[in-house]
Amino acid sequence: MHRGHPCRVNSDSERKVIALRLRGSGACLAVLMISLSRLTGGILERLLGSNLWPLVALATDAVALALILWGLLRPNPGFAWSTAGKLGWSIVLLFAIGSLHPNVLGTSLSVYSLRSMILPLALGLAMSRMEISAAAAKRTIGGILLIATFGLMVGMRQAIWGLTPGETSMLIANGSTYLAHGESRVPGLFTSGQEFSLFAGFIATWTTTRILVQGARGEKFTYIAWAASLAALSLSLQRAPLFACAAAISILLLTKYLRGKAHSRIAVRVTALIAFSTGAFSLLSATQPDRTAAVLKSIGSVTQLSEDDSFQTRSIETVPVALRLILHRPEGYGTGSSGPNASADPTASPLYPHILGGIVADNGYLMFALQIGILGALLCLLFFCFTIRRGGFARSSGPTELVTALVTFLGLVMLLGGYWGLVGAMSTFWILLALSSDLIRPEVPGTVQSTDGLSPRIRSSPHQSRAQ
């Protein structure tokens with residue numbers, strides 16, 4: 001039986017590996033460019049001004065759109081969408097249809113809201129279909145963490161030493177000047193404190209999961225980003241991302257314990273991280289007593305919700321008004337009618353008479369229902385559930401701790417805010433989720449993925465196993 005020349009097989013295999021590396025490198029460079037632009041939007045807007053910054057944002061959107069088309073149109077015979085992937089595209093389709101609603105058609109809301117509500121998710125979905133090696137994914141995540149660490153340290157500087165006049169002017173111009181217990185919420189490199197806290201929250205969730213459950217050996221940037229994100233998240237004075245991060249990690253560890261998969265190394269890592277966090281916070285308390293007092297008051301206020309203005313406003317006015325509006329029009333009011341884009345231009349929204357509960361719903365699921373109807377909110381919940389169960393957007397994927405922690409964090413944090421519409425942070429969120437899933441292709445033919453989606457394992461023959 002003719003088996004072919006081994007040299008030809010090797011050369012074909014090498015060509016495939018080289019092509020995979022080139023495609024992966026190109027995609028990863030584009031991803032890093034998108035992340036750099038999205039994560040530094042606030043400082044770029046200040047540096048470039050109102051004339052040049054829109055051009056940079058438009059160029060970033062064009063790169064993201066090109067990457068989406070590349071991921072979708074390039075043949076990939078071995079790929080099949082999972083239920084989670086199909087639900088994700090269903091959400092994209094609903095928002096696209098919602099932009100044609102008579103209430104928003106022809107307004108700036110439909111254009112800008114399409115960009116913020118579907119572009120980040122579509123980018124993550126398309127990336128999950130790309131053939132990117134584990135090594136390229138790991139390098140890209142390292143680059144994202146490097147950019148993230150810089151942004152987080154800027155936020156820490158703002159929290160400890162105060163905002164510069166330029167940063168204060170930007171917050172005033174964007175209507176994002178919020179105080180909590182006498183201290184200002186910081187934007188980092190973004191344009192609002194809400195987006196910065198969301199960003200710090202999912203970076204803290206990802207890095208903590210990576211360290212605790214999977215052991216980030218040799219990944220210095222993971223540990224640095226973890227310390228920076230945890231400190232920035234604590235000092236941001238935003239409770240929702242902080243509690244969502246803590247809850248996501250706790251649920252993940254509890255699930256592993258109940259399944260009998262927890263081991264002594266995880267307990268040691270948990271103890272070490274808690275000890276380090278306690279020591280760092282004690283040091284910060286000694287140097288910045290006012291800020292740390294505000295942090296403790298913000299956290300402790302959940303035990304006195306009857307005296308918490310934010311909770312009372314939500315329960316008395318915001319949520320009841322939102323529910324009444326949703327029941328009045330279950331199909332929704334159109335893409336962009338509620339959420340961050342509507343807040344930036346309230347008079348363009350059909351919900352303008354209802355600022356609290358309409359334009360500002362303070363709940364991501366209510367925001368979905370106000371924009372694309374009750375069906376959209378249900379699809380969002382199902383999308384989260386199936387993504388956690390599947391661990392990615394491909395039928396061949398399996399549950400992974402990183403994806404589970406990230407989606408759990410987002411599902412929880414959306415209970416207290418319209419975070420989905422924050423395009424800068426959410427773009428990086430879906431990119432990080434796609435790179436963390438087990439869809440990442442190994443670089444060497446004949447290898448299979450480990451469950452962390454970052455380090456391939458060699459599938460060896462029985463003879464190789466005995467030799468090892």
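Source: prediction; values computed, not measured.
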Colleague: Can you say whether the rings of F196 and F199 are parallel (under 30°), tilted (30 to 60°) or perpendicular (over 60°)?
Modeller: tilted
Colleague: Is there a side chain to side chain contact (heavy atoms under 4.5 Å, CB included) between F429 and L198? Walk through the geometry before answering.
Modeller: CA-CA 9 Å; F429 176 90; L198 171 68; over 6 Å; no
Colleague: For Y352 and I359, which heavy atoms make the closest approach, and how far apart are they?
Modeller: CA-CD1, 3.7 Å
Colleague: To the closest 0.5 Å, what do you measure between OH (Y419) and CG (L410)?
Modeller: 11.0 Å
Colleague: Is there a side-chain contact between P241 and F202, using heavy atoms and a 4.5 Å cut-off?
Modeller: no
Colleague: Could you check F384 against F409 for ring-ring contact (aromatic ring centres under 6.0 Å, His included), going step by step and ending with a plain yes or no?
Modeller: CA-CA 10 Å; F384 288 159; F409 167 81; over 10 Å; no
Colleague: Going from NZ on K86 to CG on L93, what distance comes out if it is rounded to the nearest 0.5 angstrom?
Modeller: 14.5 Å
Colleague: Check whether any side-chain heavy atom of L121 lies under 4.5 Å from a side-chain heavy atom of F383, and answer yes or no.
Modeller: yes
Colleague: Can you run down the salt bridge (charged side-chain N to carboxylate O under 4.0 Å, His left out) pairs that involve residues 356-367, sequence neighbours left out, and say none if there aren't any?
Modeller: R314-D362
Colleague: Does the S436 side chain pair with the main chain of V403, one donor and one acceptor, at a distance under 3.5 Å?
Modeller: no
Colleague: Any side-chain heavy atom of M414 sitting closer than 4.5 Å to one from C380?
Modeller: yes
Colleague: State which residues pass side-chain hydrogen bond (donor to acceptor under 3.5 Å, both in side chains) with N103; sequence neighbours excluded, sorted by chain then number.
Modeller: H101
Colleague: Tell me every residue that passes side-chain contact (heavy atoms from CB on, under 4.5 Å) with L323, counting only those two or more places apart in sequence or in another chain.
Modeller: V319, L366
Colleague: Drop me the distance from M127's CE to L432's CG, to the nearest 0.5 angstrom.
Modeller: 9.5 Å
Colleague: Applying the side-chain hydrogen bond (donor to acceptor under 3.5 Å, both in side chains) criterion to W226, which one of T208, T209, T207 satisfies it?
Modeller: T208
Colleague: Do side-chain atoms of Q371 reach the backbone of G336 as a donor and acceptor pair under 3.5 angstrom?
Modeller: yes
Colleague: Do side-chain atoms of T318 reach the backbone of L356 as a donor and acceptor pair under 3.5 angstrom?
Modeller: no
Colleague: For I68, check side-chain contact (heavy atoms from CB on, under 4.5 Å) against everything at least two apart and list the hits.
Modeller: L72, L119, A122, L123, A126
Colleague: Once side-chain hydrogen bond (donor to acceptor under 3.5 Å, both in side chains) is applied, do any residues pair with S99, and if so which ones, sequence neighbours excluded?
Modeller: none
Colleague: Give me each pair satisfying side-chain hydrogen bond (donor to acceptor under 3.5 Å, both in side chains) with a member in residues 422-432, each pair once, sequence neighbours excluded.
Modeller: R38-S427
Colleague: How long is the gap from CG on L230 to CD1 on I203, to the nearest 0.5 Å?
Modeller: 12.5 Å
Colleague: Which residues satisfy the side-chain hydrogen bond (donor to acceptor under 3.5 Å, both in side chains) test with T60, sequence neighbours excluded?
Modeller: S37
Colleague: Test side chain to side chain contact (heavy atoms under 4.5 Å, CB included) on L212 and E401 and set out the steps.
Modeller: CA-CA 10 Å; L212 289 181; E401 289 91 351; over 6 Å; no
Colleague: side-chain contact (heavy atoms from CB on, under 4.5 Å) with I372: which of L379, I97, T335?
Modeller: T335
Colleague: State, yes or no, whether a side-chain contact exists between S337 and L109 at a heavy-atom distance under 4.5 Å.
Modeller: no
Colleague: Within the supplied structure, the quantity of interest is the number of heavy atoms (other residues, nucleotides, ligands) at a distance under 6.0 Å from Y112 OH; does it exceed 12?
Modeller: no
Colleague: T222 and R210: which non-hydrogen atoms are nearest, and at how many Å?
Modeller: CG2-CG, 4.0 Å
Colleague: Roughly how far, to the nearest 0.5 Å, is the CG atom of L402 from the CD1 atom of I141?
Modeller: 7.5 Å
Colleague: Strictly distance-based, threshold 3.5 Å: is any side-chain N or O of Y365 a donor or acceptor partner for the main-chain N or O of G411?
Modeller: yes
Colleague: Could you go step by step and tell me if F368 and L94 meet the side chain to side chain contact (heavy atoms under 4.5 Å, CB included) rule?
Modeller: CA-CA 10 Å; F368 262 68; L94 271 182; over 6 Å; no
Colleague: Please give me the minimum heavy-atom distance between A248 and A405, naming the atom from each residue.
Modeller: CB-O, 3.8 Å
Colleague: Nearest heavy-atom pair of L114 and A96: which atoms, and what distance?
Modeller: CD2-CA, 3.8 Å
Colleague: Indicate the atoms forming the closest heavy-atom contact of G155 with V186, along with that distance.
Modeller: O-CG2, 3.8 Å
Colleague: For the backbone of R74 and the side chain of R129, can you confirm whether one donor and one acceptor N or O come within less than 3.5 Å of each other?
Modeller: yes
Colleague: How far apart are the closest heavy atoms of G421 and S116, and which atoms are they?
Modeller: O-CB, 3.4 Å
Colleague: Applying side-chain hydrogen bond (donor to acceptor under 3.5 Å, both in side chains), can you list everything that pairs with R157, at least two apart in sequence or on another chain?
Modeller: E167
Colleague: With side chain to side chain contact (heavy atoms under 4.5 Å, CB included) as the test, would you mind laying out the steps for F150 and L189 before giving the verdict?
Modeller: CA-CA 9 Å; F150 174 69; L189 296 177; 3.7 Å; yes
Colleague: Can you tell me how far the CD atom of E195 sits from the CD atom of Q238, to the nearest 0.5 Å?
Modeller: 11.5 Å
Colleague: Only counting residues at least two apart or in another chain, list the ones meeting side-chain contact (heavy atoms from CB on, under 4.5 Å) with F386.
Modeller: T83, A84, L87, L382, R389
Colleague: Taking side-chain contact (heavy atoms from CB on, under 4.5 Å) as the test, write out the residues that go with V321, two or more places apart.
Modeller: E317, R324, L325, H354
Colleague: Partners of E331 by salt bridge (Lys or Arg N to Asp or Glu O under 4.0 Å), sequence neighbours excluded?
Modeller: R329
Colleague: Return each pair, listed once, that meets salt bridge (charged side-chain N to carboxylate O under 4.0 Å, His left out) where at least one residue sits in residues 105-117; pairs must be two or more places apart or across chains.
Modeller: D61-R115
Colleague: Check whether any side-chain heavy atom of W206 sits under 4.5 Å from a side-chain heavy atom of S229, and report yes or no.
Modeller: no
